[in-house]
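Take a look at this one; I'll ask things after.
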Amino acid sequence: MASILRSSKFVRYIVGFARNVVVNTPREFDGNFVNNTQCLCGAIPRSLSAQASAQHDQNLERSLRRIDQDVRRSGRISRRDIEDVLEEIRNNRSATSSQSLLVIRCCGNLVPEEQPEVRTKLVQEIWNTLKKLNVPMDISHYNALLRVYLENEHEFSPTEFLAELESKGIDPNRVTYQRLIARYCQQGDIEGATKILEFMREKQLPVNENVFNALITGHSEAGDMDSAQGILTVMAQAGLEPSADTYTTLLCGYAKKGDIETINKLLNECEEKEVYLLDKDYLDVIYALTINDHSQHVPVVLNKTRKAIGYNQDAINLVLRLINKGYESIAYTILQSIPRGTRPDGSQWPIGAFFIKQMIKAGRPIGEISKYCDRLEQDELYEKGLLLATEMCLELGNEKLAYDLLNELKRKGLPIRQHYFWPLIVAKASDSSGDAIIDVLLKMNDYNITPSAETIRDYVIPNIKGKSSDIIAKLREANISIGSAASSIVHTLLQKNDIQEAAVIISKIPAYYYPEILRRPLTSSFYATNDLKSYITIVRHIVENVHRIDLVKNIPEDTKTSLDKTEILGSMIYDLTFSIKKFSEVAEDVLRGLVEEGVSLSTVTAEKIQDKLSEKMTPNISDLLGKLTSGELTPSPLVSKKLPTYTPSSQMNIPQLERLIHNLEGKRQDTRGLKRQLLTLYHREKELDKLEDLLKSLEQDPTFAYTPGIYAQLMDIYAHHDKLEQAEIYFNKLREIEPDLKLDGTKAIRYLFCLIKHGRIDEAIDLTSKIKRDIKVEEKSFAYRALCWKMLNYLADEGKAEDLNKLFDVLVKNDFIEINNVILGPLVKVHLVNKDTSQALNKFEWCCNQFRATPWKNELACQLIQSEDAEKLQKLTDLSTSVHGEINSLYDLVFAFVECGRVRQARKILETPGLQTRPQRINSACQRYQMEGLVKPLEGLKDATRDLNHIDRTDIYYQLLLSYIKQDDPDKALNLWTQMQEEDLAPTDGFLITLGDFLKKHKMDVPFVVPEGEVASENSLSQQIQRKPLGSMTKRDVVVFRQTLKSGDVDAALEIRKRSNDIFTINDDSSLIEKLIQDNRIQEATNLTRDLIQRNQTPITRVFRFLLNRLANNGDAKTIEELGGSLHKDMKKLVSFDNRICHANLVSGNSAEYLEQLENDIDNAKAEDLPLLAEKFPRGGAVGILEKHPEYTEKYAVIAKKYADRGIISPVNVLWAQYFIKGEDEKAEVLWKQYLQGAPRIMFQRVVQVARETKDEPLIRKLIAHLKTSNVTDGAIGNAYSCLLDVLVVKESNDEIVKTFEMAIKDIPIDTINRTAVLRVKEAYVKLNKPFDYKIPPKINKPSGQLTSSSSSSAEDARRKN
């Protein structure tokens, strides 16, 4: 047959229809298939978002876009990406023609990590799915399938393929025939290829270069290289010039034979004919050489590569393919050829992670894996190969290899961590007995790993089935302590809202119960059940067992907590304020329960609760908070102990002390001291009747005498019970016997309050100026502050504005009170009580101007709206804007309008041009309305936001649905679904699932398809959990969240985060924020960060910097400033906050205004402000301004000298560096001598950076000369010398390198020079045949994030300079 193709007849056949030859584009490479679809994502119909399956369509579009981006960036995608798309298609039960075409095409060489057999199986699964779903497919889909088969070298019958097309009524086109020819040629079947060519001739179908290339392959596979070479002649006769693809195909044919001589000859021919091969072409030849056992010739071809742009990705793809074939040695050679990037410090970036991962995927033996991990480390390519290999094994569920690698880690002394075993535990969840999980836990012991609380809580408990007691017993088999098991089970029970059983377990089993982790589940469970007794029991045991933290090992940093019981209790109670509506309903019961338990709250916590309650604060709540913060309560015993315990009398409560006195009196023993102590307890608890009876008993003792302290207590208790006559008697007696006695502040205020309640306001005001108090402002307790508020609030409720103002003024004047929003509230309230909005607004304005506070703003706004006083309402808004900013104030006004039923006015504000969207404000308001049962405002907000496309209204509808469910109104709930269709708004899966469950509960027809999968609503989720026995749950939301986020599905992770009651760590939230930033969803990332800050938390530093950098690069200084308003100065310092602000102003074009602000800051600074100003000055940002706007240099110089004159040198340092780099030596020298030469710290990182980038040898030498005359450290000078040596290395000035190095080590120790620079110096010695007799500094593994300082400052300073 080969002779036929060499005959002139065949040439005539080809030339005979040369008129039909199709000339290819210059090059065709695998990545271009995406281009042919115009990114395909753009071809997806945008109208899909209005259909019922909108969410799935959007997810599918997003997945396809991600695949498209990956192909463009790296030329490959992962199998997981394709499986995700397939899952989306299955969920959607449909796909467009373009979508299905793209997915089919993805299963070939674009997935080099997988074996060809796996890729073929995957495409067949996709094909069958598309057929089952009746997705319309044409010949292009079949051609795509052919291409995948060819790339995967899958065996199939071309004739059967054509028969299937005929049965489907689909006509093959020329591409079909070309690929069938390629299939025959892939097998070396020239006869079969000839038959197809004859078909093409009969149908007058044109041929192109691909046909000739296939024929070259066919002859090569048949072993006929002469015929393969002859195809070039046939092409020329057909009018086609052989392209680089043609030569590559021919080179691969000779590579299979190992004919390196002909290969070199053809390569020379390509150069002569100016046929330029790409690096990818050379790598294809290398692949052919390797898999045909001619690897000895690989270096020859590898040396031909130019390592142009794209080489790294092509080389990586080749490495992956070679490892799949078992040729790790050549793969490693290719890996070593990949150019590596250089870090700022001169060291090279690591490479090799993909190599190790692929060895694991390819199932290579442990010996080979360990060998190449060691080689990578020895060659300084990748240091943590063995750890990475272990991680990959665990992820893939390769248990045997994973344990082998863990043993290897142990043998090498490398640490083995808890989380290595988590995938193994989850993989054993299908074992109903739980024994398989126990085996994993026991295996952990072999590595000296004790399962941590997180392991037990998040992975073991959710995957073991059974009752609580059975699970505890089962875990004992794995040496898990009863306490650890109990703590985890309590957490799970609370998530199920089984608070009663949780209370039983926690009261029976003493253990450390993690407060930070149990806090939110306990709150949710309490609100769901209203089981106060169980709630108090759990809180008490959590607090009382906190000392057991010392018995717990391996506590993660993010779950550690303070040992201060008062602080822990406060955090648990404060968490209840998550829902103010619910908390206001239960607050008195909860606080009374705590008082009965005798526990205490801190003043800080009480104030925070008071601030949260705001207008809902009542005198009873204030009294209870006062008792809890008094420090006078004695905790009641939790449970009776088996052994009797002795309680000192000083620690006894009233019943205990009464019993003790009774017993001692029965024995005729002295009880006078105990009775005096009991008197104090009666006063503390305000037990007046008992106190009076005790006094009568004491007066019978002739030795008893009234002391000033007793008089003060009697005055106080009578004032508390509003008995002014008796209180006044004892107050006067106290003044008679002790005129100079100083009352404590609480007793003084209580007496004044008693006078006021009896109408003696003037006397009270007069006495306020005269009474002597034993209290300092900073020492005032919450009970004292609450009493002051109650006194002022009493006058407000009475409508006595004039008296109230007089009292307020005298209290402030005599330092009785501290000003805050709460204490100012009565001043506005009194006028609203009197229906005088004008005076209320005047007082509100006074509060804004004097204290930047906005007391009773919402109530005042609502009254003004109801009275339709637009002028006053505008003034109120303007005042609020001056304090809280325009956006926040406008949103507050929107909610006020909605709450008053004025939807039209609310909508007008939301339609304001330029009004920034605050989705978090709207979502928070929706959640608050729903929690408080305020349906009308929710309905108003829904109507106010209709057709406003910039507002996401899905959460409004969802919260309204939950409200209708709470009202048990299925008709209204179903009507919401109809309204969403009318508004062309797609309901979320969570909405449909929740509504569907509700309608089924009422035995109503569900007029839509209820999505399958996890429930999105919190209510439905809790119901599902309650229906399951403990242990039958698969994974907690937080676990699913982490896995979802790791897979790249940010939207799904965001949805889980929004609706879950699980405890998410700072790392979880930070990972989500980081993903949002990477997807350029800055607004959502900012909202999440703002939520964290409001909870007194921040993202991890790296992610927070990432967000601030992106905001700065967008020029969004306003948002950065808003975030910074609640940040501690230490956090600002850590994230270089002021540099970010400066850069944002630079990007937004406000550099001049920002410089003026800096100047104003120093001009108006007092002496005590200077340290903060020095810390805040944006050194890095100032560099950016000077580089972009050199015209501002003189203006900046004036500012810098002002700072220097006040002792702040860093601005001058920046200016000096700028002059130094620009060559303005005279100006630089003046600054150097005047300010820097004698300074202990000099920043010169920018100089080093410029010198390194521009290879400016004179610049760095000049810097070294200056540093030698300064007070900087040897390390700083060493950093400069390292830069100089690097510059000389780049210039290949070996003699100068040696000379400079020897000069340097005379000035400074060798270990202050960068180790990489020393290694390069050693290479220069070798090239000059000189001995290198110096000890290379040891390699130092710096902690993550640490940089080499380029000054005498700390590493943190160096980081800031960057």
Side-chain angles (χ1 to χ4, degrees), residues 580 611 614-616 819-926 928-929 934 936-938 940-946 948 950-951 956 1087 1090 1094 1118-1119 1121-1123 1125-1126:
I580 288 299
D611 289 341
S614 189
E615 292 93 346
K616 300 181 186 297
I819 304 300
N820 56 40
N821 227 40
V822 174
I823 211 74
L824 291 170
L827 300 181
V828 178
K829 177 182 178 182
V830 66
H831 298 296
L832 294 180
V833 169
N834 294 330
K835 307 298 182 183
D836 188 348
T837 54
S838 296
Q839 286 301 317
L841 185 58
N842 290 338
K843 186 55 71 172
F844 182 86
E845 181 178 10
W846 178 79
C847 292
C848 290
N849 294 334
Q850 291 292 320
F851 309 109
R852 291 190 63 76
T854 55
W856 273 63
K857 180 178 74 171
N858 192 61
E859 289 293 327
L860 179 54
C862 287
Q863 285 207 19
L864 293 174
I865 290 171
Q866 297 291 6
S867 62
E868 298 186 355
D869 194 333
E871 184 178 346
K872 290 189 179 68
L873 187 62
Q874 181 61 55
K875 183 176 181 180
L876 176 72
T877 305
D878 293 341
L879 291 169
S880 174
T881 299
S882 68
V883 177
H884 300 295
E886 182 180 19
I887 304 300
N888 288 325
S889 298
L890 287 176
Y891 272 98
D892 288 338
L893 191 56
V894 166
F895 301 137
F897 275 127
V898 166
E899 289 166 24
C900 293
R902 308 300 177 90
V903 175
R904 186 182 303 168
Q905 289 88 339
R907 183 177 178 84
K908 283 183 179 179
I909 297 173
L910 292 171
E911 290 174 336
T912 302
L915 179 66
Q916 293 183 18
T917 305
R918 289 283 189 271
Q920 193 55 42
R921 290 294 310 272
I922 294 176
N923 292 344
S924 297
C926 290
R928 178 168 62 85
Y929 294 150
L934 301 175
K936 288 294 183 185
L938 257 179
L941 195 57
K942 170 180 70 72
D943 295 337
T945 56
R946 182 168 184 166
L948 298 180
H950 61 284
I951 295 176
I956 301 176
N1087 291 338
R1090 188 182 291 111
Q1094 288 174 354
K1118 188 173 183 180
T1119 299
E1121 288 174 344
E1122 180 187 338
L1123 293 176
S1126 303

Original post:
Could you give the distance from CD1 (Ile909) to OG (Ser889), rounded to the nearest 0.5 Å?
Top reply: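 Nearest 0.5 Å value for the CD1-OG distance: 10.5 Å.
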
Original post:
Are any of the side-chain heavy atoms of Phe844 and His831 separated by less than 4.5 Å?
Top reply: no

Original post:
Quick one: do the Ser880 and Lys857 side chains pair a donor with an acceptor below 3.5 Å?
Top reply: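 Side-chain D/A pair, Ser880 to Lys857: present.
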
**OP:** Measure the CG-CZ distance between Asn923 and Arg928 for me, rounded to the nearest 0.5 Å.
**Re:** 13.0 Å

Original post:
With a 4.5 Å heavy-atom cut-off, do Glu1122 and Arg1090 have their side chains touching?
Top reply: yes

Subject >> Side-chain heavy atoms of Leu941 within contact of Cys926, under 4.5 Å >> reply: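 Yes, at least one pair of side-chain atoms sits under 4.5 Å.
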
Original post:
Looking only at heavy atoms, what is the nearest atom pair of Val898 and Pro937, with distance?
Top reply: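 Scanning both residues completely, I find the closest heavy atoms to be CG1-O, 2.9 Å.
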
Original post:
Going through the checks in order, is the side-chain contact (heavy atoms from CB on, under 4.5 Å) test met by Thr854 and Cys848?
Top reply: CA-CA 6 Å; Thr854 55; Cys848 290; 4.0 Å; yes

Subject >> Within-4.5 Å side-chain heavy-atom neighbours: His884 and Arg852 >> reply: no

Subject >> Residue Gln850 excluded, over 12 heavy atoms near CD under 6.0 Å >> reply: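 Yes, enclosed.
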
Original post:
So, for Lys829 and Trp856, which heavy atoms are closest and what is the spacing to 0.1 Å?
Top reply: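 Smallest interatomic distance, heavy atoms only, reads CD-CZ2, 3.4 Å.
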
Original post:
What distance separates Asp869 CG from Leu841 CG, expressed to the nearest 0.5 Å?
Top reply: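 Between atom CG of Asp869 and atom CG of Leu841 there are 8.5 Å.
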
Subject >> Check: Tyr929 and Ile956 side chains under 4.5 Å, non-hydrogen atoms >> reply: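 Of all side-chain heavy-atom pairs linking Tyr929 with Ile956, none is under 4.5 Å.
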
Subject >> CD-CD1 distance between Glu615 and Ile580, expressed to the nearest 0.5 angstrom >> reply: 10.5 Å

Original post:
Looking only at heavy atoms, what is the nearest atom pair of Val830 and Leu827, with distance?
Top reply: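 Reported closest heavy-atom pair: CG1-O, 3.4 Å.
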
Subject >> Heavy-atom side-chain contact between Lys875 and Asn842 under 4.5 Å >> reply: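 Heavy-atom side-chain distance check passes, below 4.5 Å.
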
Subject >> Closest approach of Leu910 to Ala944 (non-hydrogen atoms, all atoms of both residues) >> reply: CD1-O, 4.0 Å

Original post:
Can you check whether Asn821 reaches Asp611 side chain to side chain, under 4.5 Å on heavy atoms?
Top reply: no

**OP:** Would you check if the side chain of Ser882 reaches a backbone N or O of Leu879 as a donor-acceptor pair within less than 3.5 Å?
**Re:**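 Indeed, once roles are kept as given, a pair shorter than 3.5 Å links the two residues.
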
Original post:
When rounded to the nearest 0.5 angstrom, what is the spacing between CD in Gln905 and CZ in Phe897?
Top reply: 5.0 Å

Original post:
Is any side-chain heavy atom of Lys908 less than 4.5 Å from a side-chain heavy atom of Arg902?
Top reply: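 When only atoms from C-beta onward are counted, Arg902 and Lys908 do not touch, as no gap falls below 4.5 Å.
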
Original post:
Which heavy-atom pair separates Ala861 from Leu873 by the least distance, and what is that distance?
Top reply: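 Shortest heavy-atom separation between Ala861 and Leu873 comes out as O-CD1, 4.1 Å.
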
Original post:
To the nearest 0.5 Å, what is the distance between OG1 (Thr877) and NZ (Lys872)?
Top reply: 13.5 Å

Subject >> Contact summary for Arg921 and Asn888, nearest pair of heavy atoms >> reply: NH1-OD1, 3.3 Å

